[in-house]
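Notes for the one structure printed next.
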Amino acid sequence: MDLLYRFFRQSGYDVRYVMNITDVDDKIIRNAARDGVSVQQYTAKYEQAFLEDSAALNIERPLLVRATEHIPEMAEFIGKLVEKGLAYRTEDGSYYFRIAKFPQYGKLSKKDFAGMEDGARVDVDEYEKDSARDFALWKAPKPGEASWETPIGRGRPGWHIECSVMSMAELGPTFDLHAGGEDLIFPHHENEIAQSESLTGQPFARFWFHARFLLVEGEKMSKSLGNFFTIRDLVLKGHKPSSIRWLLTSVPYRNQLNFTFDGLKSAASSVEKLRNFRFRLTSAQLIDGANPTIAQLATETVDRIKGALEDDLNTAQAQAAVFDMARKANAALDSNEVRKDDVPALLAALEKFDEIFGVLKDDDQSKIKTIVEWARTTGREKEASPELLEIAGSVQLSDNQINEKIAEMEAARKSRNFKASDALRAELTSAGIVVENTKDGVRWKRK
RNA sequence: GGCGCGGUAGCCAAGUGGUAAGGCCGAGGUCUGCAAAACCUCUAUCGUGAGUUCGAUUCUCACCCGCGCCUCCA
């Protein structure tokens, strides 16, 4: 979704990007009670972790809205539904949406409920609902659990109501695009549509964007299988945030991505290749002038990337376009066909690509440091891989110090004192610095 | 059982009615004091069977395998 957002913005749209945070539900209430903290304290911790992981992945921050900050509007919304006869109150003070009043129910998930008998599988009596499919808008308070006092009574919101209320508050009764995971299509989004459209009489979201779930090592991700990882888990294992981001974005959103550790390594190499290319462009010593073939390559690539993303956000093809450019341009650099004036166009094409994919500029170091710091404060430092600690700790060398070392190394190489130069190279390597000797001279980068 | 998605080289993964992008890994080569980077070459009868078609990986049907949803878990 971050890519979609970035792509819309790059295409010239003024995007208002809102993300709902569910900070109250049965599970949260239960767990908060278990931990002896308030709902707010409990959710704040997870929201913080979520935002940190998002930041590590270079995900741009949307406008965040929280369910608990919109309780009065929810009550108002439910009140209106009741007035219109679209919802009803049960004896215990809960409110339910009357699905029978929304004939189009099931249109998003393409489910046909016409032939389904109430009570066939679900116990209708359990919650005094009129129909088994009616869903909760508002739940009556239970002793000792968090609840809010509102005009429709005391209680707490059901799951679906928050999304309708918040999106309408921020975006109006009809908005352009609603995104989410494929698992939310039914019932969550279906219910959002039902309660929203039956109230306003207007379309809720014009388009829906559902991303498929990923597989981890070919299996469904789950805690019980032991293949459930957070971003910080992966980083602690030694994977760069950019590798994770690359892997996640390398498969178009409609397809099921198989997230594997081999894949992460592969992604790291891919990113590295593009970073090397960018580095080479910025440091190459070139002859003045321009080569129309190269200029055309840059233009073609920009067009291909745009075309791929416009085609249902085909990220795989956009990436292929950039690799094609890198390969051709690298070959041209090898054969001295690139001129000085060609470089800006090539860099601009890369830049445009990276505005969407967001993996090239950052060297991951600051993000890794943040996570290592976090691990230190939470006692998880021992989980960190040695390479990681090295990266996190490798900032002691300043650019000047590095340049001095390299100058020394070059002097040693000139006098063919290879033992000395190798020692210096090893020293820099262990500090996370890679030194390359090219025909254009020496250059270095942080690994 | 119902609805939906997918099975493409060692791995990941696009795509098209006219014999298949890209990446990773591997092998060989060029360059190089070493290393790194880069480039070149090599590796796929597109799950199985049948049908439609001049021609199918691409359309249809059947089958096998994997995945998701069908539950007040968000």
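Computed from heavy atoms alone, side chains included, the values below leave out hydrogens, waters and symmetry copies.
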Looking at the side chain of [X], which of [options] is the nearest nucleotide?
| X | options | answer |
| --- | --- | --- |
| A:Arg212 | B:rA21, B:rC12, B:rC5 | B:rC5 |
| A:Asn330 | B:rC69, B:rC12, B:rA38 | B:rA38 |
| A:Ala320 | B:rC67, B:rA74, B:rG22 | B:rG22 |
| A:Ala136 | B:rC72, B:rC67, B:rG23 | B:rC72 |

Interatomic distance, [X] [atom1] vs [N] [atom2] [rounded to whole Å]:
| X | N | atom1 | atom2 | value |
| --- | --- | --- | --- | --- |
| A:Leu257 | B:rG68 | CG | P | 14 Å |
| A:Leu184 | B:rG68 | CG | P | 15 Å |
| A:Lys328 | B:rC40 | NZ | P | 11 Å |
| A:Asn191 | B:rC70 | CG | C1' | 13 Å |
| A:Glu272 | B:rA37 | CD | C1' | 10 Å |
| A:Leu424 | B:rA36 | CG | P | 18 Å |
| A:Met325 | B:rC39 | CE | C1' | 17 Å |
| A:Leu333 | B:rA38 | CG | P | 12 Å |

Salt-bridge test for [X] and [Y]: reply yes if a basic N is under 4.0 Å from a carboxylate O, no otherwise.
| X | Y | answer |
| --- | --- | --- |
| A:Asp92 | A:Lys142 | no |
| A:Glu52 | A:Arg232 | yes |
| A:Arg304 | A:Asp324 | yes |
| A:Glu355 | A:Lys352 | no |

G-U wobble or Watson-Crick pairing nucleotide for [N] (cut-off 3.5 Å, both distances):
| N | value |
| --- | --- |
| B:rU32 | none |
| B:rG55 | none |
| B:rA21 | none |
| B:rA62 | B:rU48 |
| B:rC3 | B:rG68 |

Please check the phosphate of [N] (OP1 and OP2 only) for any side-chain N or O of [X] closer than 4.0 Å.
| X | N | answer |
| --- | --- | --- |
| A:Asn255 | B:rG6 | no |
| A:Asn276 | B:rA37 | no |
| A:Asn314 | B:rA14 | no |
| A:Ser109 | B:rC3 | no |
| A:Arg327 | B:rG22 | yes |

> If you measure from the C1' atom in B:rC46 to the same atom in B:rG4, how many Å do you get, rounded?
Replying inline: 23 Å
> If the P atom of B:rG55 is compared with that of B:rA14, how far apart are they to the nearest Å?
Replying inline: 30 Å
Decide yes or no, distance alone: a donor-acceptor N/O pair under 3.5 angstrom between the base of [N] and the side-chain of [X].
| X | N | answer |
| --- | --- | --- |
| A:Arg425 | B:rC34 | yes |
| A:Lys273 | B:rC24 | no |
| A:Arg413 | B:rG33 | yes |

>> Please determine whether the number of non-hydrogen atoms from other residues, nucleotides or ligands lying under 6.0 Å from atom CZ of A:Arg61 exceeds 12.
In response: no
>> Quick check: A:Tyr46 with A:Tyr42 (ring centres under 6.0 Å apart)?
In response: yes
Which part of the nucleic acid does [X] contact within heavy-atom distance under 4.0 Å: base, sugar-phosphate only, or nothing?
| X | answer |
| --- | --- |
| A:Ser421 | base |
| A:Asp262 | nothing |
| A:Phe323 | sugar-phosphate |

> Any side-chain heavy atom of A:Tyr253 within less than 4.5 Å of one from A:Asp312?
Replying inline: yes
